[in-house]
Amino acid sequence: MNNLKVLTDNDLSNIEKVTLMYLYEVNKGNSVTLSSKHISNEIGMTRSTVIKAIKGLIDKGIIEKIYNTNMYEGSMANTYNLRLRKYL
């Protein structure tokens with residue numbers, strides 16, 4: 001991913017830029033499985049701010065969110081598929 005393209009993209013808010021760059025840095029392949037709480041702790045933003053950034057990135061088609069659950073624990077960390085062609 002070209003970080004300069006991300007940083008200069010006027011369609012993204014600053015929180016979306018930081019969140020996207022973090023997801024890219026920790027991804028394995030084209031997806032990453034993390035909780036919003038973990039992301040917020042790592043990038044120093046509140047969980048609600050991270051959730052807002054993720055929603056914006058989903059709405060813009062840059063990431064896809066997959067909800068993970070299991071029958072024993074219920075909700076688990078989400079998986080985010082990165083769609084970064086615009087930034088390559």
Side-chain angles (χ1 to χ4, degrees):
M1 181 172 77
N2 183 333
N3 285 344
L4 184 58
K5 285 185 179 181
V6 173
L7 291 172
T8 58
D9 186 343
N10 292 328
D11 293 334
L12 298 178
S13 70
N14 288 336
I15 60 170
E16 290 169 343
K17 292 174 185 179
V18 171
T19 303
L20 177 59
M21 289 191 292
Y22 175 75
L23 291 174
Y24 178 77
E25 288 300 317
V26 298
N27 84 64
K28 299 191 178 6
N30 289 325
S31 67
V32 60
T33 301
L34 294 169
S35 68
S36 55
K37 182 179 178 181
H38 178 85
I39 296 168
S40 68
N41 288 338
E42 289 293 312
I43 63 177
M45 293 184 192
T46 65
R47 184 172 171 266
S48 62
T49 298
V50 168
I51 291 169
K52 180 179 176 183
I54 289 170
K55 181 179 180 338
L57 293 168
I58 292 167
D59 291 347
K60 292 175 175 88
I62 298 169
I63 64 173
E64 173 189 22
K65 181 178 179 180
I66 299 170
Y67 298 92
N68 296 318
T69 61
N70 74 33
M71 58 191 268
Y72 302 107
E73 297 178 33
S75 294
M76 299 173 58
N78 297 310
T79 298
Y80 301 99
N81 293 327
L82 309 179
R83 298 178 175 182
L84 301 173
R85 290 183 186 198
K86 179 179 180 178
Y87 302 109
L88 298 178

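From a predicted model like this one, the values you see are computed outputs, not experimental measurements. All residue numbers refer to positions in the sequence shown, counting from 1.
Cluster membership for Ile58 and Tyr87, using ILVMFWY side-chain heavy atoms within less than 4.5 angstrom, is shared. Connection of Val26 to Val18 is established within a shared hydrophobic cluster, with ILVMFWY side chains joined at heavy-atom distances below 4.5 Å, either directly or through further cluster members.
Listed by chain and residue number, nothing satisfies the side chain to side chain donor-acceptor pair (under 3.5 Å) test with Ser40 (two or more places apart in sequence, or in another chain). By the side chain to side chain donor-acceptor pair (under 3.5 Å) test, Asn68 pairs with Thr79, sequence neighbours left out.
Side-chain contact check for Thr19 versus Thr49: every heavy-atom pair is 4.5 Å or farther apart.
Of all non-hydrogen atoms in Tyr80 and Leu34, the two that sit nearest each other are CE1-O, 3.5 Å. Here the shortest heavy-atom pairing between Val6 and Lys17 reads O-CE, 3.5 Å. Listed here is the closest heavy atom pair of Thr33 and Ala77: CG2-O, 3.8 Å. Smallest separation of non-hydrogen atoms from Met21 and Leu7: CE-CD2, 3.5 Å. Shown here for Leu23 and Leu82, the closest heavy-atom pair between the two residues is O-CD1, 3.9 Å.
Around NZ of Lys65, the count of heavy atoms belonging to other residues, nucleotides or ligands within 6.0 Å exceeds 12. Annotation for Asn30: atom CG does not count as buried by contact number, only 12 or fewer foreign heavy atoms lying within 6.0 Å. Sparse packing is recorded around NZ of Lys52, with 12 or fewer heavy atoms of other residues, nucleotides or ligands lying under 6.0 Å away.
Atoms CD1 and CG, from Ile62 and Asn81 in turn, are 14.0 Å apart once rounded to the nearest 0.5 Å. Here the CD atom belonging to Glu42 is positioned 12.5 Å from the NZ atom belonging to Lys37, to the nearest 0.5 angstrom. The structure places CG of Asn3 at 11.5 Å from NZ of Lys5, a figure rounded to the nearest 0.5 Å. Within the model, atoms CD1 of Ile43 and CD of Glu25 stand 12.5 Å from one another, a figure rounded to the nearest 0.5 Å.
For residues 77-88, the set of pairs meeting the salt bridge (charged side-chain N to carboxylate O under 4.0 Å, His left out) definition, not counting sequence neighbours, comprises Asp9-Lys86, Asp11-Lys86, Glu64-Arg83.
Between Met45 and the choices Ile51, Ile15, Ile39, the side-chain contact (heavy atoms from CB on, under 4.5 Å) rule is met once, by Ile15.
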Point to revise | Stepwise side chain to side chain contact (heavy atoms under 4.5 Å, CB included) check, Asn78 with Ile54 | key: CA-CA 11 Å; Asn78 297 310; Ile54 289 170; over 6 Å; no
